[in-house]
2 protein chains.
Amino acid sequence: MHFDQLILQIKQRREELQITQETLAEIAEVGLRTLKQFESGKGNPTLQTITKISEVLGMELKLQIKPLNQIK
Amino acid sequence: MHFDQLILQIKQRREELQITQETLAEIAEVGLRTLKQFESGKGNPTLQTITKISEVLGMELKLQIKPLNQIK
DNA sequence: CTAAAAAGTGCATTATACCGCACATTAACT
DNA sequence: AGTTAATGTGCGGTATAATGCACTTTTTAG
């Protein structure tokens with residue numbers, strides 16, 4: 001299972017805000033190791049972890065219905 | 001931490017599709033216990049679990065930037 | 001090129017998600 | 001009301017996420 005899109009968005013957003021992993025981890029109150037793990041594509045974070053990180057970055061997780069005829 | 005919105009959406013979507021927790025769990029290949037836990041508001045699922053469930057329901061997780069002047 | 005900062009990784013421990021099972025509670029249908 | 005389907009929950013084992021620490025690699029700034 002790839003979360004590439006999510007990872008990329010988090011990374012890009014963090015870089016846009018010019019925050020280091022260390023700072024983000026601190027503010028979001030997640031372990032630095034956890035954030036590193038996630039951003040480097042390993043790991044399978046919990047909803048809570050992703051939510052904490054997203055919130056600090058001014059983002060939120062949304063569920064949307066997939067378009068039916070999605071071109072694979 | 002509140003995942004109420006996400007939970008509600010999953011539940012509603014499942015009910016719209018008239019699928020039982022049992023069926024959804026089977027198709028999504030997650031434990032029935034896990035799905036029950038999530039839908040009943042306990043638990044903190046992993047990204048993988050949420051993704052599996054969402055996909056079966058024809059939905060996808062998206063990260064979006066929060067509006068700045070959000071009326072709390 | 002070089003030094004410092006940032007990001008990635010191996011290892012070990014602790015916390016907890018995942019899961020099945022059995023049973024309880026609630027909802028739906030006749 | 002009674003029966004059945006569906007959902008919720010306590011218990012307990014297994015898998016793995018979360019975390020810190022120490023170290024390596026990569027990136028960035030001078």
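C:dG8 atom C1' lies 10 Å from atom NZ of A:Lys11, rounded to whole Å. In this structure, B:Glu22 atom CD and D:dT4 atom C1' are separated by 13 Å, rounded to whole Å. Whole-Å rounding puts the B:Leu47 CG to C:dA17 P distance at 14 Å. Taking atom CZ on A:Phe38 and atom P on C:dG8, their separation rounds to 12 Å, with Å as the unit. Summarising the geometry, the separation between CD on B:Glu15 and P on C:dA27 is reported as 12 Å, rounded to the nearest angstrom. A straight line from CG of B:Leu35 to P of D:dG8 spans 9 Å, rounded to a whole angstrom. One can place CD of B:Gln37 at 10 Å from C1' of D:dG10, the figure rounded to the nearest angstrom. Following rounding to the nearest Å, A:Ile53 (CD1) and D:dA18 (P) show an atom-to-atom distance of 9 Å.
Put simply, the side chain of B:Arg33 and the base of D:dG10 share a donor and an acceptor less than 3.5 Å apart.
Using modelled atom types, no side-chain atom of A:Lys62 and backbone atom of B:Gln64 make a donor-acceptor pair closer than 3.5 Å. Judged purely by atom type and a 3.5 angstrom limit, B:Asn44 uses its side chain to pair as donor or acceptor with the backbone of A:Gln48. Not a single donor-acceptor pair under 3.5 Å links the side chain of A:Thr23 to the backbone N or O of A:Ile19.
Distances shorter than 4.0 Å separate none of the side-chain N or O atoms of B:Thr20 from OP1 or OP2 on D:dA5. At D:dT9, one or more side-chain N or O atoms of B:Lys42 fall inside 4.0 Å of OP1 or OP2 (strictly under the cut-off). Phosphate proximity of D:dT19 to A:Thr34: present, with a side-chain N or O under 4.0 Å from OP1 or OP2. For the pair A:Lys36 and C:dT9, the criterion of a side-chain N or O lying under 4.0 Å from OP1 or OP2 is not met. Within the 4.0 Å cut-off from OP1 or OP2 of C:dG8, not a single side-chain nitrogen or oxygen of A:Ser40 is found. Contact between the side-chain N/O atoms of B:Gln21 and the OP1/OP2 oxygens of D:dG8 is found at a separation under 4.0 Å. Taking only side-chain nitrogens and oxygens, A:Arg14 never comes nearer than 4.0 Å to OP1 or OP2 of C:dA6.
For the residue pair A:Thr51 / A:Ser54, no side-chain donor-acceptor distance below 3.5 Å is found, with atom types taken as modelled.
Nucleotides of DNA chain D nearest to B:Ile19 and B:Thr46 differ in position, and the one nearer the 5' end is that of B:Ile19.
Results of the side-chain contact (heavy atoms from CB on, under 4.5 Å) test with A:Leu35 over A:Gln21, A:Glu26, A:Glu22, A:Lys52 single out A:Gln21 as the only residue that passes.
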